[in-house]
Amino acid sequence: MKIINFVLGILLLSFSAMTMADPVIIKYSHVVAENTPKGQAALKFKELAEKYLPGKVKVEVFPNSQLFGDGKEMEALLLGDVQIVAPSLAKFGKYTTKLQIFDLPFLFDDIHAVDRFQNSAKGQELLASMEGKGLVGLGFLHNGMKQLSANVPLRTPADAKGLKFRIQSSDVLEAQFKAVGGNPQKIAFAEVYQALQSGVVDGTENPWSNTYTKKFYEVQKYITESDHGVLDYMVVTNEKWWKGLPADIRKALGKAMSESIAFGNKIALTEDQDYRTKVIEAKKAEVIKLTKAEKAEWRNAMKPVWAQFEPEIGKDLIDAAIQANELPVAAKKAKSKKK
Ligand code: LMR
């Protein structure tokens with residue numbers, strides 16, 4: 001009897017050890033506020049991943065550069081200190097030159113064209129453009145089109161001459177501001193407000209959601225509605241960690257990720273103009289609308305940057321992006337019927 005009890009005890013212990021295995025901890029770190037498309041997508045991922053894998057995973061989200069800021073977050077991912085990050089596409093220069101395509105000024109007509117390109121075969125290939133470097137893309141995530149801002153009104157490219165602009169860590173963006181005679185400076189996102197407030201730089205560029213949630217409008221007198229480029233993200237993970245997960249967990253996490261991205265993208269598309277309205281309502285910065293002719297001047301001044309980076313990016317990729325500005329035939333027909 002004693003022996004049976006002993007064996008039963010052992011079985012019970014090992015069974016509870018099996019069922020009570022520690023959950024996989026997934027740290028998701030990013031630099032923006034929670035009430036942005038990226039902030040909301042990260043929280044949605046936590047909700048869905050923990051719903052699909054109850055007790056098996058625990059997702060910890062760190063917004064606002066709380067855990068790692070620009071520059072450090074990718075290193076942390078490669079070291080295994082975090083498992084998911086979603087840097088802006090402008091911040092991948094160290095790992096691939098291909099993603100520089102997204103920084104080319106005036107390449108995409110609007111966020112819908114960006115969306116078509118990201119979902120095209122060429123766009124999807126980019127998710128794997130860093131696999132040899134230990135990083136794997138889980139999906140693209142939208143923020144929105146960028147607007148220029150400064151303490152002087154920027155109507156024509158000549159107005160940017162001699163001004164210092166904060167940029168993300170991108171050589172294309174550096175070339176873009178140099179093309180209009182500006183003096184670009186790479187500064188981490190967490191330091192932008194202070195750099196603008198203290199006059200370390202005179203201006204910057206960002207989509208409405210970041211301008212609103214980080215209050216850049218408080219420290220910029222003018223915002224020019226230029227829509228001159230896009231600021232989107234790639235959600236990336238550590239390739240070794242991802243491939244080492246049990247297949248069922250990886251599959252469920254992949255589903256949670258796709259759904260959280262769709263959720264964030266919807267917010268980006270539908271709320272971009274709400275963030276703009278909130279900035280205008282705050283009555284701190286004046287919003288400048290460009291005429292068609294003024295916008296063409298900016299485009300002409302900045303477009304030489306395309307040729308400069310074409311050898312690194314590839315003509316095929318640039319052509320595919322230009323192609324994405326065209327509406328698919330069915331959508332064109334529906335549009336002309338509506339008229
Ligand atoms: C920036 O540095 O301006 C952006 O990349 C921040 C972000 O993640 O949206």
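A quick note: this is a predicted structure, and the numbers were derived from the prediction, not measured. Note that ligands are numbered from 1 as they come in the structure, with each ligand's atoms numbered from 1 the same way.
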Legend entry - K56/D248 ion pair, N-O < 4.0 Å: yes
Legend entry - E131 and K133 ion-paired at < 4.0 Å: no
Inset, instruction - Check whether any side-chain N or O of D272 sits under 3.5 Å from a backbone N or O of G144 as a donor-acceptor pair, and report yes or no. - result: no
Legend entry - F108 and F117 aromatic ring geometry - parallel, tilted or perpendicular at 30°/60° bounds: tilted
Can you give me a line-by-line list of nitrogen or oxygen pairs between ligand 1 and the protein shorter than 3.5 Å?
residue: ligand 1; atom: 2 (O); partner: K91; partner atom: NZ; Å: 2.7
residue: ligand 1; atom: 2 (O); partner: R166; partner atom: NH1; Å: 3.4
residue: ligand 1; atom: 2 (O); partner: R166; partner atom: NH2; Å: 2.8
residue: ligand 1; atom: 3 (O); partner: R166; partner atom: NH1; Å: 2.7
residue: ligand 1; atom: 3 (O); partner: N206; partner atom: ND2; Å: 3.0
residue: ligand 1; atom: 5 (O); partner: K91; partner atom: NZ; Å: 2.9
residue: ligand 1; atom: 5 (O); partner: Q168; partner atom: OE1; Å: 2.7
residue: ligand 1; atom: 8 (O); partner: K38; partner atom: NZ; Å: 2.7
residue: ligand 1; atom: 9 (O); partner: N210; partner atom: ND2; Å: 2.9
residue: ligand 1; atom: 9 (O); partner: Y233; partner atom: OH; Å: 2.5

Legend entry - Note, K214 side chain near N64 side chain (heavy atom, < 4.5 Å): yes
Inset, instruction - Look at K91 together with D70 and state whether they make a salt bridge at an N to O cut-off of under 4.0 Å. - result: yes
